[in-house]
Amino acid sequence: MKEILRDLLRDALHRCYEEGTLVSGEIPPEIVVEVPANAEHGDFATNLAMVLARKEKTSPRKVAEALVGALRCREDVFRQVEIAGPGFINFFLTNRFWCGVLEEIARKGAGYGHQTFGAGKRVQVEFVSANPTGPLHIGHGRGAATGDALASLLKACGYEVEREYYINDAGNQMRTLGRSIWLRCQELDGRAVAFPEDCYQGGYIRDLAREIWGREREILLTLSEEEAIDRLAQWGGKKILAGIAADLKDFGVEFDCWYSERTLFERDAVRKNLDYLVEKGLAYRQDDALWFASTRFGDDKDRVMSRSNGVTTYFASDVAYHRDKFERGFDLVIDVWGADHHGYIPRMKAVVAALGRSRDDLQVILVQLVNLLRGGQQVAMSTRSGEFVTLREVMDEVGKDACRYYFLCRRSDSKLDFDLELAKEQSSNNPVYYIQYAHARICSIKGKAMAEGIRMPETADVDFTALDLPEELALIKHLARFPETVAAAGRAFEPHRLAAYLLELAGQFHAYYNQHRIIGEKRNICEARLYLLNAVQTVISGALAILGISAPERM
RNA sequence: GCGCCAGUGGCUCAGUUGGAUAGAGCAACGGACUUCUAAUCCGUAGGCCGGGGGUUCGAAUCCCUCCUGGCGCGCCA
C-alpha cells in the first residue's frame, strides 16, 4: 500500500521536473509514507514536500502544490488528496480500495502478511542453550519463547530458519554435575558427606542419585571414583537434557539441531581452529597462553583462548562453534543470550569480523531477567542454592499460552515482572485472554450463523459498499497494517511488536462487536460483516501462530 | 573507573526507525447483559516523555552532558 503511494509520488516528482514546476532534480532515495496518528490527517501522509523545500529554495507548501498537481489521481483509489499543516500531503483512500485488503486476506489466508525479503537466505536462531546441569527455570522460558517466536517471525519474512540448541557438555560443569550426583549417592549409602557449595544444590540431584543408585549401585562401586563421577556426569547430563527437551516441547518449542560442544572436541575442531587463527595471524602466543587479537576488530582487550596450562577456554569453543555455524552455510546467525552476557558481544562480533564476515551477520538478542512475583511478593530465586521456580512449574500453573504471551509482550531487552497470580487470572488483567477471546467470539458468531443457515460469503458475492461504518473501516485499516508490522518486527528482530499489534486489533474488534450486530442484519450487510470477521480471524490466528500461542475456537 | 541497557500518568509498558494534539492495560470513579460469549464495551480523571544543552521546518525518538537504576568488565563457564 505504502509502496504504491511511493511509486505514484516518484512518478509525480519526475513529471514536475519535466514540466519545470520543480527545479532541483533531487530524487530522495527513500520517500517516507506514513499512517498519521490522527485520522483527520488522512489514511497516509508524506513529508516529501518538506524534505524537498530546502533544495527547492521555496516553501514546503509550494512544493506540495506542484507535487499534488502532477499526481495521477486515480479516482478508484483516492477519495481526496490535501495539503495540510507545514506541508504534509495527506491521502484519503476510497472505502472500496480499502476493502481490497479483505480480498487479499481471503486469498492468502494464513500466508497474509508474510514477507519475502528474507527469501533465499538461511538463518539460524540459537537459543535456550542452558547447561544440562539442571532443569529449565523461568528465565530460560523467556529465552525459549523469544527465540522460538523470533524464528517463526523470520520464517514469515521469507527466511529459511533453523532452531538450534547448543549443549555445553564439555566444560567442568559436567564434572561438577557428576560429583554432585556421586555425593548424593554416598549419602544414600548412609555416609555423611560434606556437600560443597560449588556443587548443584537442587533437589533434582537427589532424585537422579536415587534413580541411578537403585539401578547401578553395584556397577558404580566397581569403578574408581573418577570413573564413577564421569559415568554419572554423562548419564545425568543426558537425563537432564531429555527433561529439558520434554519441557520445551510442551512449551511449544522444538529444535532442528541439538549441537553438542563435546563433538567440537571429539573432532578436534577447537584445536584446529586455534591453528587456523594462528596461521591467519589472528592469534598470538604470549605468557604461555594463546590470545585472540580481538582488539583489531573493535573489542577492548584481547582474549585468551588457550590458557598457560594448556586448557582451552569456553571462548575458544565459542569461536570454533561460530565458525562452524558460518561454514554450515548460514547467511545470518542469531544468538539469543541472557542480558548478563552482554559483555560478550564485542568479542563475538570481533570473531565474526575476523572470519571475514560482516559484523551484522551475527545478531545477538539479549533477554533480560525475569522477576518472578506471586501476588506482588517477590519469589526468591538462586540457582546456586537450588531455590528456583522451574519453567515446568510455571507452565503447569499458568498455562503455556499465558506464559508465552507474558514473555513476548515486552521488548526482550527490558526487565520483566512475571506475577504468577496475575498470569493465572483469566480476566481483563490478562491480555492474552483478551486476544484469544476475540478469536473465540468470531468463531462463535460464525457457528451461530452456520446454525441459522447463513452461508459464508465468497469474495465475488460480497457487497463491499455495506462496509462503511467507521469502526469497520478502522478494523480494515488495521488489518492492512499487518504486513508492514510483520516486516518491521522481522527487520528489528522484535516479535513483541506482534503482541502489541494483536492487542490493538482485538480491542478494535471487541469495540465493533459491542456496537454492532452481524446476524439479523440485512443479508448483504450480514455477509459483508462475516467476510470482514473472517479476515480478522485469519490475522489473529496467523499472528498468534507466529508467537506460538493457540487460537481457541471456544473459551 | 570503563562499557552495555534502561528511565514515558499512581503501577506495568507501547510508541510504526525524525512527523501533526504522546497511546494502551492495571488501579480509581460513573455507566451498559431479555441480543452473535460481560474473559466484553462506553465514559471520566490522570503527562515538563529523568534534568540541561544542541542538531532542524519538526525530537520521547538523533548528538553531547549530568543524574538515577540494572548488568558486565577473569588465563571462569
Looking only at atom [atom1], what distance separates [N] and [M], rounded to whole Å?
{"N": "U40(B)", "M": "G51(B)", "atom1": "C1'", "answer": "43 Å"}
{"N": "C5(B)", "M": "C11(B)", "atom1": "P", "answer": "25 Å"}
{"N": "U8(B)", "M": "G47(B)", "atom1": "P", "answer": "15 Å"}
{"N": "C62(B)", "M": "U17(B)", "atom1": "P", "answer": "13 Å"}
{"N": "C29(B)", "M": "G72(B)", "atom1": "P", "answer": "42 Å"}
{"N": "A22(B)", "M": "G46(B)", "atom1": "C1'", "answer": "14 Å"}
{"N": "G23(B)", "M": "C63(B)", "atom1": "C1'", "answer": "27 Å"}
{"N": "A20(B)", "M": "C49(B)", "atom1": "P", "answer": "15 Å"}

Identify the nucleotide, in any strand shown, that forms a Watson-Crick or G-U wobble pair with [N], with both distances under 3.5 Å; if there is none, say none.
{"N": "U17(B)", "answer": "none"}
{"N": "G43(B)", "answer": "C29(B)"}
{"N": "G72(B)", "answer": "C2(B)"}
{"N": "C36(B)", "answer": "none"}

Exercise. Can you tell if the side chain of Val536(A) reaches within under 4.5 Å of the side chain of Leu479(A), non-hydrogen atoms only?
Worked result: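 Yes, side chains in contact.
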
For this session: Would you mind calling U17(B) syn or anti? Take O4'-C1'-N9-C4 for purines or O4'-C1'-N1-C2 for pyrimidines, and syn is within 90° of 0.
Result: syn

Exercise. Syn versus anti for C67(B), judged by chi lying within 90° of 0?
Worked result: anti

For a quick check, tell me whether the side chain of [X] and the base of [N] share a donor-acceptor pair closer than 3.5 Å.
{"X": "Ser308(A)", "N": "C75(B)", "answer": "yes"}
{"X": "Asn90(A)", "N": "A20(B)", "answer": "yes"}
{"X": "Asp340(A)", "N": "G72(B)", "answer": "no"}

Roughly, in whole Å, what's the span from [atom1] in [X] to [atom2] in [N]?
{"X": "Asn514(A)", "N": "A32(B)", "atom1": "CG", "atom2": "C1'", "value": "9 Å"}
{"X": "Leu503(A)", "N": "A39(B)", "atom1": "CG", "atom2": "P", "value": "17 Å"}
{"X": "Asp198(A)", "N": "C76(B)", "atom1": "CG", "atom2": "C1'", "value": "12 Å"}
{"X": "Leu373(A)", "N": "C26(B)", "atom1": "CG", "atom2": "C1'", "value": "14 Å"}
{"X": "Ile549(A)", "N": "A39(B)", "atom1": "CD1", "atom2": "P", "value": "20 Å"}
{"X": "Met50(A)", "N": "A20(B)", "atom1": "CE", "atom2": "P", "value": "10 Å"}
{"X": "Leu369(A)", "N": "C5(B)", "atom1": "CG", "atom2": "P", "value": "16 Å"}
{"X": "His342(A)", "N": "A6(B)", "atom1": "NE2", "atom2": "P", "value": "12 Å"}

Counting just side-chain N and O atoms, does [X] come under 4.0 Å of either OP1 or OP2 of [N]?
{"X": "Arg441(A)", "N": "A38(B)", "value": "yes"}
{"X": "Arg307(A)", "N": "G74(B)", "value": "no"}
{"X": "Tyr434(A)", "N": "A38(B)", "value": "no"}
{"X": "Ser414(A)", "N": "U12(B)", "value": "no"}
{"X": "His341(A)", "N": "C76(B)", "value": "no"}

Need one value for [X]: base, sugar-phosphate or nothing, where a base atom within 4.0 Å counts as base even if backbone is also close, heavy atoms only.
{"X": "Phe315(A)", "result": "nothing"}
{"X": "Ala488(A)", "result": "nothing"}
{"X": "Ala53(A)", "result": "nothing"}
{"X": "Asn47(A)", "result": "base"}
{"X": "Ala492(A)", "result": "base"}
{"X": "Tyr501(A)", "result": "nothing"}
{"X": "Lys415(A)", "result": "sugar-phosphate"}

For this session: Kindly state which residues belonging to residues 168-175 of chain A come within less than 4.0 angstrom of RNA chain B, counting heavy atoms of the residue only, listed by number.
Result: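 Heavy-atom contacts with RNA chain B come from Gly171(A), Gln173(A).
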
Once you measure the plane-to-plane angle for [X] and [Y], does it fall in the parallel (<30°), tilted (30-60°) or perpendicular (>60°) bin?
{"X": "Trp337(A)", "Y": "His341(A)", "value": "perpendicular"}
{"X": "Phe418(A)", "Y": "Phe407(A)", "value": "tilted"}
{"X": "Tyr314(A)", "Y": "Tyr344(A)", "value": "perpendicular"}

Exercise. Are the ring of Phe88(A) and the six-membered base ring of A20(B) within the stacking cut-offs of under 5.5 Å and under 30°?
Worked result: yes

For this session: Without swapping roles, check the side chain of His342(A) against the backbone of Ala339(A) for a donor-acceptor pair under 3.5 Å.
Result: yes

Exercise. Could you walk me through whether Tyr259(A) and Tyr165(A) pass the ring pair (Phe, Tyr, Trp, His ring centres under 6.0 Å) check?
Worked result: CA-CA 6 Å; Tyr259(A) 195 100; Tyr165(A) 187 117; over 10 Å; no

Seminar exercise, completed: Side-chain atoms of Arg410(A) come closest, of A14(B), A39(B), A20(B), to A14(B)

For this session: Hey, could you give me each pair passing salt bridge (Lys or Arg N to Asp or Glu O under 4.0 Å) that has a residue in residues 400-417 of chain A? Not counting sequence neighbours.
Result: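 Checked against salt bridge (Lys or Arg N to Asp or Glu O under 4.0 Å) - neighbours excluded - the pairs reaching residues 400-417 of chain A are Asp148(A)-Arg404(A).
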
Problem set entry | Toward the 5' end of RNA chain B, by each residue's nearest nucleotide, Ile89(A) or Val311(A) |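 On the 5' side of the pair lies Ile89(A).
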
Seminar exercise, completed: For Leu264(A) and Ser317(A), the nearest pair of non-hydrogen atoms, with its separation, is CD1-O, 3.8 Å

For this session: Of all the heavy-atom pairs spanning Arg497(A) and Thr485(A), show the shortest one and how long it is.
Result: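 For Arg497(A) versus Thr485(A), the nearest heavy atoms are O-CG2, 4.1 Å.
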
